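Everything below concerns the one structure shown next.
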Amino acid sequence: MSKPSTPQAIRGTQDIFGAEAEAFQHVVETFERVRKLYRFRRIEMPVFEKTEVFSRSIGETTDVVSKEMYSFDDRGGENLTLRPEFTAGIARAYLTNGWLQHAPLKVATHGPLFRYERPQKGRYRQFHQLDAEIIGAGEPQADVELLAMADQLLKELGIADGVKLHLNTLGDAESREAWRAALVDHFEFHRGELSEDSQKRLSINPLRILDSKDSRDQAFVGGAPKIDEFLSGEAQDFFGAVKAGLDAAGVKYQRAESLVRGLDYYRHTAFEFVTDQLGAQGTVLGGGRYDGLMETLGGPHTPAVGWAAGIERLAMLVGERLEAVIDVVVVVEDDALLDRGIQAVSDLRRAGFSSELIGSGSPRKRFDKAAKMGANSIASIASREGVVKVSLKAENDIRARIEGFFE
RNA sequence: GCGAUCGUAGCUCAGUUGGUUAGAGCGCCGGCUUGUGGUGCCGGAGGUCGGGGGUUCGAGACCCCUCGAUCGCCCCA
């Protein structure tokens, strides 16, 4: 008889435990608290959608859609995709549920996303994001509110020092197209001297050449046309209002002229909170305005802004967090007294004390086991010459509150 | 999709130029010591050396393939 083999976890997924899981949960809980301060309403979204929800909104030519989606036919023959991001699904829900009656609508959620990528530090095939969106608001104040919330979140997580807000504008649709055309002209002239990657980007996403890490490309980035030269008056005013609003809200930022977004639906404001402490995956939170998205899904023109943040990346910056210490460990040193112990921990837990029972293994080693757990107090239930003996090791303040549970 | 490094008990790691029954610490289980005690001692369980193939008299060590991890490229939060 051969031993059955143990299945491995799927590549790029993670089993999170202990101090790391506490850090993960801490990020989520902090987000929940901050999101309520800004009055964002909680939504829960399906993990999968019809494939077209993503392919139409994100853009067929993007890497996400063309090679990173987990798509499959279900038993009814429908082609479905595990969500690679939140925004498209939320936009779909907004339209199919008629949420425009609530506009402008501020919503927040978090959960798992899926992308078929090569795993590395801060990048997984199943990863988790926080997400916040304001839908149906075309005013720059919406951008400002969202950024202020992101800024406060990072501060409350205690990681704001290592993270900087990079801010840019992509202009409105006309500005962006004019800029894009000028960039293509510029880089086309030097095509032969660009990196292989950037030669490809020239036809797929020329804006991306701007933040290439290849030194061959960087030589031509400095002289490339700037978005500011192509901004319409309206676009300039919008960006000016966002910057003024950030100053008023006390949010620090720096202009990043070559910051672009990978997904097609972005317009106007684009931003990333970036750190140098996570290696190649330095963006911890990113987003922007996507005024054109609703129309690509067949809805009415609906301006919107949003961002998403990588929970794993934030948790790595937060670092490991200690699990809460136990209030009382109850040690039963005589098996005949086990029920006394069960009663005590039950009463303690119902009264709001975290409690753990130790009543198995070598009786003489049970107290040592309890001592190693680092609890605030230890109660021992033992018998000496046939007499039940309860002893309590605790500081006076907690002793007074728990003594009664052992009488 | 491309490149580099790595993969030995549950965990962290040793394993000399390929050479008898593969080791340690921690953890786990048990015995003794201590007896208001977080100590010490002894013993035990647990490994097809990621998986498959090859070279060799002989492979945990060398070669090939494969799976996975880590770090870059790319992409992105």
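This structure is a prediction, so every number in the text was calculated from the model and none was measured. Lettering follows sequence order; numbering is per chain, from 1.
Looking only at side-chain heavy atoms (C-beta outward), Phe220(A) and Ile209(A) stay at 4.5 Å or farther from each other.
Within a heavy-atom distance below 4.0 Å of RNA chain B, the residues of residues 389-400 of chain A found are Lys389(A), Ser391(A), Lys393(A). Looking at residues 121-137 of chain A, you'll see Lys121(A), Gly122(A), Arg123(A), Phe127(A), Gln129(A) sit with a heavy atom under 4.0 Å from some atom of RNA chain B. For residues 305-315 of chain A, proximity to RNA chain B is found at Ala308(A), Gly310(A), Arg313(A), defined as any non-hydrogen atom under 4.0 angstrom from a strand atom. Against RNA chain B, the stretch residues 272-281 of chain A makes heavy-atom approaches under 4.0 Å through Gly279(A), Ala280(A), Gln281(A).
By the neighbour-count criterion of 12 heavy atoms within 6.0 Å, atom CZ of Arg41(A) is sparsely surrounded, having that number or fewer from other residues, nucleotides or ligands. Atom CG of Asp73(A) sits in a crowded spot, with more than 12 heavy atoms from other residues, nucleotides or ligands closer than 6.0 Å.
Spacing between G58(B) and G44(B) at atom C1', rounded to whole Å, works out to 33 Å. Distance check on atom C1': G50(B) versus G68(B) gives 7 Å, rounded to whole Å. Rounded to whole Å, the P atom of A9(B) lies 14 Å from the corresponding atom of G23(B). Comparing C32(B) with C71(B), their P atoms sit 48 Å apart, to the nearest whole Å. Comparing the same atom, C1', in C49(B) and in U34(B) gives a spacing of 41 Å after rounding to whole Å. Spacing of P atoms, C75(B) relative to U56(B), comes out at 48 Å, to the nearest Å. To the nearest whole angstrom, the two P atoms, one in U21(B) and one in G25(B), are 23 Å apart.
The residues Arg255(A) and Asp228(A) are annotated as salt-bridged, a charged nitrogen and a carboxylate oxygen being separated by less than 4.0 angstrom.
Residues forming a salt bridge (charged side-chain N to carboxylate O under 4.0 Å, His left out) with Asp291(A) (at least two apart in sequence, or on another chain): Arg289(A). Scored by the salt bridge (charged side-chain N to carboxylate O under 4.0 Å, His left out) test, Glu196(A) finds Arg216(A) as partners (sequence neighbours excluded). For Glu395(A), there are no salt bridge (charged side-chain N to carboxylate O under 4.0 Å, His left out) partners, not counting sequence neighbours. Considering only residues two or more places apart in sequence or on other chains, Asp197(A) meets the salt bridge (charged side-chain N to carboxylate O under 4.0 Å, His left out) condition with none of them. For Glu295(A), the side-chain contact (heavy atoms from CB on, under 4.5 Å) test picks out His301(A), with sequence neighbours left out.
Between Gly12(A) and Ser380(A), the residue anchored closer to the 5' end of RNA chain B is Ser380(A), taking for each the nucleotide with the nearest heavy atom. Nearest-nucleotide positions on RNA chain B place Lys369(A) closer to the 5' end than the other of Lys369(A) and Ala9(A).
For the OP1/OP2 pair of C67(B) and a distance below 4.0 Å, the side-chain nitrogens and oxygens of Arg11(A) include no atom meeting the criterion. Contact between the side-chain N/O atoms of Ser362(A) and the OP1/OP2 oxygens of C29(B) is not found at any separation under 4.0 Å. Contact check, Lys365(A) against G40(B): no side-chain N or O comes under 4.0 Å of OP1 or OP2. Contact between the side-chain N/O atoms of Gln120(A) and the OP1/OP2 oxygens of G72(B) is found at a separation under 4.0 Å.
A side-chain hydrogen bond (donor to acceptor under 3.5 Å, both in side chains) with His110(A) is found for one member of Glu32(A), Arg42(A), Gln129(A) and no other, namely Arg42(A).
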Donor-acceptor pairs under 3.5 angstrom involving side-chain atoms of residues 314-323 of chain A: please list them, not counting sequence neighbours.
{"residue": "Arg321(A)", "atom": "NH1", "partner": "His26(A)", "partner atom": "ND1", "Å": "3.4"}

Identify all side-chain donor-acceptor contacts of residues 366-373 of chain A below 3.5 Å with residues at least two apart in sequence or on another chain.
{"residue": "Arg366(A)", "atom": "NE", "partner": "Ser360(A)", "partner atom": "O", "Å": "3.3"}
{"residue": "Arg366(A)", "atom": "NE", "partner": "Gly361(A)", "partner atom": "O", "Å": "3.2"}
{"residue": "Arg366(A)", "atom": "NH1", "partner": "Val332(A)", "partner atom": "O", "Å": "2.5"}
{"residue": "Arg366(A)", "atom": "NH1", "partner": "Asp335(A)", "partner atom": "OD1", "Å": "3.1"}
{"residue": "Arg366(A)", "atom": "NH2", "partner": "Asp335(A)", "partner atom": "OD1", "Å": "2.9"}
{"residue": "Arg366(A)", "atom": "NH2", "partner": "Gly361(A)", "partner atom": "O", "Å": "3.0"}

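Between the side chains of Tyr38(A) and Gln152(A), at least one donor N or O sits under 3.5 Å from an acceptor N or O. No hydrogens or angles considered: a donor-acceptor pair under 3.5 Å links the side chains of Ser198(A) and Arg201(A). Looking at Thr30(A) and Glu156(A), their side chains never bring a donor and an acceptor atom within 3.5 Å of each other. Gln14(A) and Glu312(A) share a donor-acceptor pair across their side chains, judged by distance under 3.5 Å alone. In the model, Tyr70(A) has no side-chain atom that pairs as donor or acceptor with a side-chain atom of Gln126(A) under 3.5 Å.
Between the base of G3(B) and the side chain of Arg118(A) there is a donor-acceptor pair shorter than 3.5 Å.
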| Would you write out the dot-bracket form of RNA chain B, 5' to 3', with Watson-Crick and G-U pairs under 3.5 Å, [ ] for crossing pairs, | for pairs to other strands and . for unpaired bases? | (((((((..((((.....[...)))).(((((.......))))).....(((((..]....))))))))))))....
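Heavy atoms of Arg201(A) sit under 4.0 angstrom from primed sugar atoms or phosphate atoms, though from no base atom.
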